[in-house]
Amino acid sequence: MVQGCIKLLSAMRPSYLMHSVAALSLAGLLSVSAAAFGEEAKAPAAPVQTQTAVSSAGAAAVPVPAAAPAAAPAEAAKPKNVDPVLNTGDTAWMLVSSALVLLMIPGLALFYGGMVRQKNVLSTMMHSFVAMGIVGVQWAVIGYSLAFGPDVSGGLIGNFSKAMLSGLISFKAGVPIYALFQNVPTEPGAIPEYVFAMYQCMFAMITVALISGALAERVKFSAYCLFVLLWTTLVYDPLAHWVWMTDGWLFKKGALDFAGGTVVHLSSGISALAFLIFLGKRRGFPQERMAPHSLPLTLIGVGLLWFGWFGFNAGSAIVGANCSDAAGGLAGLAFATTTIAPAAGGLAWMIAEWIHSGKPSALGFGSGVVAGLVGITPAAGFVQPGSAIIIGLGAGGICYLGVMMKAKLKYDDSLDAFGVHGVGGTFGALITGVLATVGATGLMSGNVGQFVTQVIAVVAAGAYAFIVTLIISFILDKTIGLRVEKEDEIMGLDQTQHSESAYN
């Protein structure tokens, strides 16, 4: 049981290579030191509330090893592994964070749905909702095991030992015993692995749904459903293993990705661009005006995305650096940066648009908010508030230029999945390697190697996602076809794909 629980640490992300070193004094005070990618830095003492939360859970007290004799200081500093004990406070926060991330998907549906023409609003929203169904089942059957199961291929993919979420519950004399996810093996705090698995499931759901923004208004629903299944299995699951698994090759290189800059946003944005090569442009693009049919829906979607993003980023503190509790200081930092960066991103986009076109638009401000959220995601727990402002301003401005680039290069990314998520995810991953100061150091702190590692991670993840998506798209195009017929596209996908209408 203990060995099984310790294996749960394999789900930790690359930002979390630290292992807390605990030693108790005779007075029972706890101090922690952590190693961050080769550079040692003292961490604050473990908060008392962690131990209090464990006690309040009604769990048995964890025996504390006595301090080593003065004659053996090296022995005294050696980490002492302890058995995981359920922490109800952390578990509650992770349940809430999981629900917040799930809420982002209806938020994304509204965000995308408001930006298309009236005849395609339901089909566009269905792209987000059906991803919840397909990935929800895929993740339980095989996805979680491929992403977070023990490695079988030199850091590329997990095995099938956790297929159907097996091994997360056992029975002793008819009493259920739940496997626990323990972030730091020298601290007792833990949450049920079921909670961790479902938290990661929400990430998988929304990642593939982000791609749908580029495909709107002309993709076959049947082709999209198959794409969701294939892409999640062949692209998302391996990338999650590379970056967030202790055996993953990018994890071992020390790549920083707090909550999904490369795994979620870069991969989805670059994959959207690859899919467009075979899908082609909407009929009439760019000559015909294709204005959003309901910007209020889009702005409501922006608000729900921002709200849910607190679970996306602050919830990722469950495996944070120098952090044995999910609902602690690191979550607070991530919460703060997830407030500041999108605020700056919205202002940056609005000002850039104001200068460029003469008027600030509601859609522009909302897009800037999303760009700021994308930019801060990989850095949320690695940077301080001042850096979050810089990241938000940079993401808003750069993503605005990324969207403007669409007109010059003449590709039809319907709802700017690449312009916002591909460009913003790349920027966020790279700037993390420049500005990181919490739990890791970046280029501005003299750590050139960290920036080089971020470049390697961006190139590797982007190239893999692009190539595999090209293959998937090619196969689907040559078998069942990617596009609806001309008449169906003109009539609208709500009627031709779903026999429904958004407004009667």
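FYI, the numbering just counts along the sequence from 1. Given the structure is predicted, the values throughout are model-derived calculations rather than measurements.
Side-chain contact annotation: S161 with N159, donor-acceptor N/O pair under 3.5 Å present. If you check the side chains of Y236 and S268, you find no donor sitting under 3.5 Å from an acceptor. In this structure, a donor-acceptor pair under 3.5 Å is present between the side chains of Q138 and T233. Side-chain atoms of T432 and Q454 form no donor-acceptor pair, as typed in the model, at a separation below 3.5 Å.
Here the CE-OG distance, from M104 to S128, works out to 11.0 Å after rounding to the nearest 0.5 Å. Between L95 atom CG and I191 atom CD1 the span is 8.0 Å, to the nearest 0.5 Å. Distance check, rounded to the nearest 0.5 Å: CG of L266 to OG1 of T262 gives 6.5 Å. The structure places CG of L108 at 9.5 Å from CE of M125, a figure rounded to the nearest 0.5 Å. Within the model, atoms CD1 of I270 and CZ of F275 stand 15.0 Å from one another, a figure rounded to the nearest 0.5 Å. Note that CG of N447 and CG of L443 are 8.0 Å apart. Values are rounded to the nearest 0.5 Å.
Within the 4.5 Å cutoff, no side-chain heavy atoms of I105 are placed close to those of F129. In this structure, the side chains of M132 and L102 come closer than 4.5 Å at one or more pairs of heavy atoms. Counting heavy atoms from C-beta on, the side chains of I318 and F181 come closer than 4.5 Å. Two residues are said to be in side-chain contact when any heavy atoms from C-beta on lie closer than 4.5 Å; I480 and S222 meet this criterion. A 4.5 Å side-chain heavy-atom check between Y178 and E193 finds every atom pair outside the cut-off. Using a 4.5 Å heavy-atom cutoff, the side chains of L110 and T298 are not in contact. The shortest side-chain heavy-atom distance between T207 and V263 does not fall under the 4.5 Å cut-off. Side-chain contact between F251 and V243 is absent, with no heavy atoms from C-beta onward closer than 4.5 Å.
The closest donor-acceptor contact from the side chain of W139 to the backbone of A197 lies under 3.5 Å. A donor-acceptor pair is defined here as one N or O able to donate and one able to accept, closer than 3.5 Å; no such pair exists between the side chain of S316 and the backbone of A259. At distances below 3.5 Å, not a single donor-acceptor pair connects side-chain atoms of Q450 with backbone N or O atoms of G433.
Ion pairing of K80 with E187 is absent here, as no side-chain N (NZ or NE/NH1/NH2) approaches a carboxylate O to less than 4.0 Å.
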* Evaluate the side chain to side chain contact (heavy atoms under 4.5 Å, CB included) criterion for residues L373 and T338: first the C-alpha distance (whole Å), next the side-chain angles of each, then the deciding distance (0.1 Å), finally the verdict. => CA-CA 7 Å; L373 289 165; T338 306; 3.9 Å; yes
* **Audit row: H127, Y224, ring-ring contact (aromatic ring centres under 6.0 Å, His included) steps and yes/no** => CA-CA 8 Å; H127 291 159; Y224 175 76; 4.5 Å; yes
* What do the steps show when you test T437 against S387 for side chain to side chain contact (heavy atoms under 4.5 Å, CB included), and what is the final call? -> CA-CA 9 Å; T437 56; S387 296; 5.6 Å; no
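Partner F312 forms a ring pair (Phe, Tyr, Trp, His ring centres under 6.0 Å) with one of W306, F307, F258, F203 and no other, that one being F203.
Taking the six-membered ring for Trp and thresholds of 30 and 60 degrees, F310 and F335 have nearly parallel ring planes, at less than 30 degrees apart. Under the 30°/60° scheme for interplanar angles, the aromatic rings of F196 and Y144 are found to stand perpendicular. Classified by interplanar angle (parallel below 30°, tilted 30° to 60°, perpendicular above 60°), the ring pair H265/W309 is parallel.
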N/O donor to acceptor pairs below 3.5 angstrom from side-chain atoms of residues 455-471, sequence neighbours left out:
unit_1, atom_1, unit_2, atom_2, d
Y464, OH, L234, O, 2.5
T469, OG1, W231, NE1, 3.1
T469, OG1, S271, OG, 3.0
T469, OG1, A465, O, 2.6

